[in-house]
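No experiment lies behind these values; they were computed from the predicted model shown.
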Amino acid sequence: MGTVIKAGKGCFILDNTLHGIEAGDGICYMAESTLAGTNVNKVDGGAIYPDKPDVPRPGTKIYRNYDHRFHKALENSEPDRTIPVDMLYSARAGKIEVTAGDRSGCRAAAAAHGNWQPARDAARMKVTLEAHLAKSGGTLFNVASVTPADDTDPLPFVPVSVVNALRREVLEKLAARRLQAFEQKKKEELAAALRDDSFPYPSRELGGDANVTNSLARKFWTMHGVETIAFPFDLRDSLEGQVVMTTPYCLRRETGHCLKDKENKTAGELYLHSGGFRYRLGFDCRACLMTLTKCRGK
């Protein structure tokens, strides 16, 4: 927020409380009792040139409601969401093994074998080994730590190409393990949902319109207290004589022939023809519902 201390022709000057305002920013202020706003076209020294010709009067409080530089930085930034991984390594003459684990308990391991001689500079070899194991660019992981699993002295001289290949292998395995664990968790949650009978269905019967077409669906409804399940409409050869729709939309009421109206003497059966099919209309006036029953043929 800043305050106008001087207003000139097409520009105004603020006190120093609103820092860093520049061309492209958006500002707003109260002009008498109306909220006004404009973009900043130019900033020349301390003078601010708004897009609108009318400038705020001295004493007006100015608010920046659009920061051009901040939004530009957001547009140019890319989200970087990674999964922290801890690595353990064991390096002996002839074998190096790496284990990677995430914070959810998933783990993977990979090993490489070779006829490697002891490193001449073990300290430098340790720094190189851990630096290359810590690289994880281009993956969904971020290697948070690299630690020797045991006493690795004396370290063998392991080629960097072998270390890089080992790191890629263990991270690929860990990604596959995480996916496997996710799929297993989904299966367990589904199985738990199918076992949950704490929410009984309010009715003991299901009609054909419920379309219970497979054994898993039947098991689900039975588990929740349904005792009778009708043969599903979707698997029937014909729906003749079946109520195929129950709706609060009543054609009698909509056309001014509601049977609740004592002055209405129009009665008798009504039919609806749609798409070459014929349906007999039924009316449950107490519940204010209309039903459609499929008639024979088309």
Side-chain angles (χ1 to χ4, degrees), residues 20 66-199 216-217 219-220 223:
Y66 181 83
D67 190 324
H68 170 73
R69 186 185 304 175
F70 175 72
H71 281 267
K72 195 69 175 178
L74 285 181
E75 291 174 0
N76 294 333
S77 66
E78 296 183 0
D80 185 19
R81 299 180 62 184
T82 55
I83 300 164
V85 169
D86 297 305
M87 279 196 181
L88 296 175
Y89 70 90
S90 175
R92 300 287 185 186
K95 180 181 180 181
I96 177 173
E97 184 175 11
V98 177
T99 302
D102 64 16
R103 307 298 164 83
S104 66
C106 291
R107 299 176 67 83
H113 300 268
N115 187 21
W116 304 310
Q117 301 299 317
R120 294 181 180 178
D121 189 338
R124 184 176 179 181
M125 184 67 233
K126 183 176 185 294
V127 171
T128 301
L129 178 63
E130 294 183 356
H132 283 271
L133 286 178
K135 294 180 179 179
S136 57
T139 72
L140 55 86
F141 299 111
N142 170 37
V143 179
S145 66
V146 180
T147 310
D150 49 26
D151 184 8
T152 58
D153 187 46
L155 275 174
F157 180 79
V158 183
V160 168
S161 59
V162 173
V163 178
N164 289 338
L166 197 59
R167 182 195 68 242
R168 287 191 293 268
E169 180 183 352
V170 75
L171 291 181
E172 287 174 2
K173 286 183 175 180
L174 182 60
R177 179 68 188 93
R178 284 179 54 84
L179 181 59
Q180 181 184 9
F182 175 73
E183 295 295 339
Q184 181 62 32
K185 183 179 179 181
K186 284 202 304 182
K187 291 180 181 179
E188 292 173 355
E189 289 176 349
L190 177 59
L194 289 175
R195 290 193 302 269
D196 184 7
D197 58 355
S198 58
F199 299 98
L216 282 178
K219 179 180 178 181
F220 174 85
M223 181 187 65

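The side-chain heavy atoms of Leu129 and Ile96, taken from C-beta on, include a pair separated by under 4.5 Å. Within the 4.5 Å cutoff, the side chain of Leu166 has no heavy atoms near those of the Tyr89 side chain. For the pair Arg120/Phe157, no side-chain contact is recorded, criterion being any heavy-atom separation below 4.5 Å from C-beta on. Residues His132 and Thr128 have side chains in contact (heavy-atom distance under 4.5 Å, counting atoms from C-beta outward). Between Met87 and Leu171, some side-chain heavy-atom pair lies under the 4.5 Å cut-off. Looking at heavy atoms from C-beta onward, Pro156 lies out of side-chain contact with Met125 at the 4.5 angstrom threshold.
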Practice problem: Dump the intermediate steps for side chain to side chain contact (heavy atoms under 4.5 Å, CB included) on Val85 and Ser136, then the final yes or no. | Solution: CA-CA 10 Å; Val85 169; Ser136 57; over 6 Å; no
- Stepwise side chain to side chain contact (heavy atoms under 4.5 Å, CB included) test for Val143 and Arg167: CA-CA 10 Å; Val143 179; Arg167 182 195 68 242; 5.6 Å; no
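Residues passing the ring pair (Phe, Tyr, Trp, His ring centres under 6.0 Å) test with Phe70: none are found, sequence neighbours excluded.
Taking a cutoff of 4.0 Å between a charged side-chain nitrogen and a carboxylate oxygen, Lys187 and Glu183 do not qualify as a salt bridge. The pair Asp86-Arg103 meets the salt-bridge criterion, with a side-chain N (NZ, NE, NH1 or NH2) lying under 4.0 Å from an Asp/Glu carboxylate O.
Considering OG1 of Thr139 and CG of Leu174, their distance stands at 9.5 Å, rounded to 0.5 Å.
The environment of CG in Asn115 is sparse: at most 12 heavy-atom neighbours from other residues, nucleotides or ligands sit within 6.0 Å.
In this structure, Arg178 contributes its side chain and Cys106 its backbone to no donor-acceptor pair below 3.5 Å. Of the possible donor and acceptor atoms, none in the side chain of Arg107 sits under 3.5 Å from a partner among the backbone N and O of Thr99.
Side-chain contact of Gln184 with Gln180: a donor-acceptor pair under 3.5 Å is absent, judged by distance alone.
The heavy-atom pair separating Val170 from Ala108 by the smallest distance is CG2-O, 3.4 Å. Between Arg92 and Trp116 the shortest heavy-atom distance is O-CE3, 4.4 Å.
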